[in-house]
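Residue numbers start from 1 in every chain, and the chains themselves are labelled A, B, ... in the order their sequence lines are given, proteins ahead of strands.
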Amino acid sequence: MALLQHGALQPNNWRFVGDDAAIPAEGPVTVSLKRWQAESEVLRGRNAPIGVRLKNDEPALALGEDVHRLSLIEVEFPKFTDGRAFSQARILRDKLGYEGELRAVGTILRDQYLFMTRCGIDSVELPEGKAIDGYLAALKEFSAWYQPASDGRPTVMELRHPANANARRGAAPIVTASVAAHSA
Amino acid sequence: MYRYDEFDATIVRERVEQFRGQVTRRLAGELTEDQFRPLRLKNGLYLQLHAYMLRIAVPYGVLNSKQMRKLAHIARRYDRGFGHFTTRQNIQFNWPQLGDVPDILQHLAEVEMHAIQTSGNCIRNVTADQFAGVAADEIEDPRIWAEIVRQWSTFHPEFSYLPRKFKIAVTGAPDDRAAVRVHDIGLRIVQNEAGETGFEVWVGGGLGRTPIIGVAIRKFLPKEHLLSYLEAILRTYNLLGRRDNIYKARIKILVQATGGEKFGQMVEEEWEKIKDGPLHLPQAEIDRIHRYFAPPAYEALPDVDPAFETAKLENPDFARWARVNLVKHKVPGYAIVNASLKPEGGAPGDASADQMDLLADLADKFSLGEVRVTHHQNIVFPNVRKRDLFALWQRLKSARLATSNLGFISDIIACPGLDYCNLANARSIPVAQRLSRHFSDPRKLDEIGDLRLNISGCINACGHHHVGHIGILGVDKQGQEFYQVTVGGSSKDDASLGKIVGAAFSEDDIVPAIDTIINTYLANRTDRSERFLDYVRRAGVDPFKEALYGPAPARRTAAE
Ligand code: SF4
């Protein structure tokens, strides 16, 4: 699988290692939450980036402070219609303050891509060679936003009432440099 | 009423273009029907038995005359000259062509309307009390809050792929006309001891296959926290609601499985963390929206209008209509008028393009340019001077819009049923038509009094049969259309679910069965002051069983 990130299709050098498989000595890998919790010492001792792939029904909050030790978190969209990962993404960004790469894996249609970026997802897994024009166009389909989300875009309400907005943004979601760059 | 500012207009315009692109991709074969389905559903476009059906949002039921004329235009140009007003205060067109839908949306955008989130597993069009802003018993106008919720829920990036559809209703009066207890979230504006207004929050009500009355998880929510509280509920639901079984995916199942109290605690816990963040509602925004709903410039009028009183004396038909279809207005000299979309033999909620144009003209002439759609599928003129009532009635009468049956047995709620809907077991409309003919004598209606009869063509309960005083549900018996009957439901402050009277009736037997139920009530009530619902609550279903199926022992034998 390739990656759509920063407006282009990129090679993906990460790999997910199943719970029963041995961890390779080299190269960036993601593991399940369970494995991370059981073997985090060992995993962190490796001399390569480490990430976690969260299952759809696992509580993102379980990662706690660990998020700051991870270079990648993957959230799953097993079916187009399963939207749990939108909430997981927001919890990772807004509650846990995760600032690393947040990736969507699974079935990802262009029509969801914009909402994903709004929820703080900054890369999505796509088949090799997939045409990405539609995905990029989808990001431009809207230019105004009613809700505050995890992307830091000013909301309609903030644009209507600038004075109030500045006061509230203290408690606003964390905007990662990567998301900001992505949504610019 | 609310008017779009540049932001609202931009979002709706961009949505039209986005959907146009999706339709183009579908027509070009770039999207499979499976992929297109969730996309079109988010825009109210269903594939029905014979054609596409487009459901257009009427936010909390409020329409101005210009919008109503546009709907008439769409009915004429893209449909077969009709529209169908629904129990969720929306309007549906049953015959649009897929390729025309983007143009229809463009027409709608011109008058600040859309079809956003009128179906699909997302937050649906918010509904509210149809008498909002004019009812004499109102604590506060729910439209302000319904509009705030509408904006927040529109294209919510986190809550657009929920386990199942999600419906929110708001009421601002003690007399609950928005059925908040049978919604996924129901908001009641209440007053606390300090005299401040806030929300009582109900969660997990709903009809459908598993009808459940919701639970109040918060007695008093300060208004500025409305959106963060809703977000906390929705986040909890999005993460934990079941996705393995479509029949168990509504929030009501989650609330039941978790327990109301525990669910409430989970929501509160989430809410504590976000309540002072950017979802906190600025007073300036509340005030801005409030201004759109400021009362119009009412004339100072005496509450008793001599011309109105004389007209009633001279014209008994008019007097009857005035007694039945008017509701008390909060301003002296004005009335709230209900125009019935339930004429004898008609399809409940249907209006022709000509009727829509007339409703628009009459709104301009008599009701400060505004009408409302009710969840009982009628039309309301919210602001009519008493002195104009007679003239308005005459015009309505000429278009078969002045049936005097509000709240009576012929004021039937019915879903589209097997005539249009591919989920249906049985037809609803023909049953409603036959019942409305059977119960058309005004004296008979008066005799029976307050009675709500609701019909659904299948267990999905779009016709709210569980909360009808009498409910009729279409069931399939070996390929035949049958009708199961319940009694004792209510969607008001005393919400309750109807109980089944017994075996279902055939198409031929259903009208006589309802007649028997009515006669049983009439013969056994203490007096006229005991309404049908009161009688059912006192006597239970046994008297009806006996009248319908014979005495109890005989029934037992028959069953053996
Ligand atoms: S109740 Fe059933 S038949 Fe009626 S509209 Fe809903 S899904 Fe269709």
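Once rounded to the nearest 0.5 Å, the distance linking CZ of R110(A) with CD of E30(B) reads 8.0 Å. Here CZ of R13(B) is found 7.5 Å from OG of S143(A). Values are rounded to the nearest 0.5 Å. To the nearest 0.5 Å, the span separating CZ on R288(B) from CZ on R160(A) amounts to 3.5 Å. The distance from the CZ atom of F159(B) to the SG atom of C119(A) is 8.5 Å, given to the nearest 0.5 Å. To the nearest 0.5 Å, atom CZ of residue R90(A) and atom CD1 of residue I274(B) are 8.0 Å apart. I91(A) contributes atom CD1, which lies 7.0 Å from atom CD of E158(B) (distance to the nearest 0.5 angstrom).
Partners of D184(B) according to the side chain to side chain donor-acceptor pair (under 3.5 Å) rule, which considers only residues two or more places apart in sequence or in another chain, are R250(B).
Summarising the local packing, OH of Y247(B) is surrounded by 12 or fewer heavy atoms from other residues, nucleotides or ligands at distances under 6.0 Å. K55(A) NZ: 12 or fewer foreign heavy atoms inside a 6.0 Å radius. In the displayed structure, E33(B) atom CD is contacted under 6.0 Å by more than 12 heavy atoms of other residues, nucleotides or ligands.
Contacts between E285(B) and chain A at a heavy-atom distance below 4.5 Å involve backbone atoms as well as side-chain atoms. At a 4.5 Å heavy-atom cutoff, the contact between T154(B) and chain A is made by backbone and side-chain atoms alike. Contacts of D5(B) with chain A are made by side-chain atoms alone, with heavy-atom separations under 4.5 Å and no backbone atom involved. Heavy atoms of E6(B) lying under 4.5 Å from chain A are absent altogether. Residue L234(B) does not touch chain A at all, counting heavy-atom pairs closer than 4.5 Å. For Q35(B), the parts lying under 4.5 angstrom from a heavy atom of chain A are both the backbone and the side chain. For L39(B), the part lying near chain A is the side chain, with the backbone staying farther off; criterion is any non-hydrogen pair under 4.5 Å. Interface residue R150(B): only side-chain heavy atoms are found under 4.5 Å from chain A.
Comparing Q18(B), E231(B), R243(B), Q22(B) by how many heavy-atom pairs each has under 4.5 Å with chain A, the most go to R243(B). The candidate with the highest count of non-hydrogen atom pairs below 4.5 Å against chain B, out of R118(A), K79(A), Q112(A), R84(A), is R84(A). Each of L239(B), L162(B), L279(B) has some count of heavy-atom pairs under 4.5 Å with chain A, and the biggest count is that of L239(B).
Using a 30° and 60° split on the angle between ring planes, Y161(B) and F115(A) fall in the perpendicular class, above 60°.
Scanning both residues, Q147(A) and S153(B), for their nearest heavy atoms gives NE2-C, 4.2 Å. Of all the heavy atoms in P38(B) and F80(A), the pair that sits closest is CG-CE2, 3.1 Å. Nearest heavy-atom pair across K273(B) and L61(A) is NZ-CD1, 4.1 Å. Among all heavy-atom pairs drawn from P282(B) and H161(A), the shortest one is CG-CD2, 4.5 Å.
Taking the six-membered ring wherever Trp is involved, the centroid distance between the rings of F142(A) and F155(B) falls below 6.0 Å.
Only one option out of K42(B), R25(B), R26(B) pairs with D111(A) in a salt bridge (charged side-chain N to carboxylate O under 4.0 Å, His left out); it is R25(B).
Side-chain atoms of N238(B) come within 3.5 Å of backbone N or O of G83(A) as a donor-acceptor pair.
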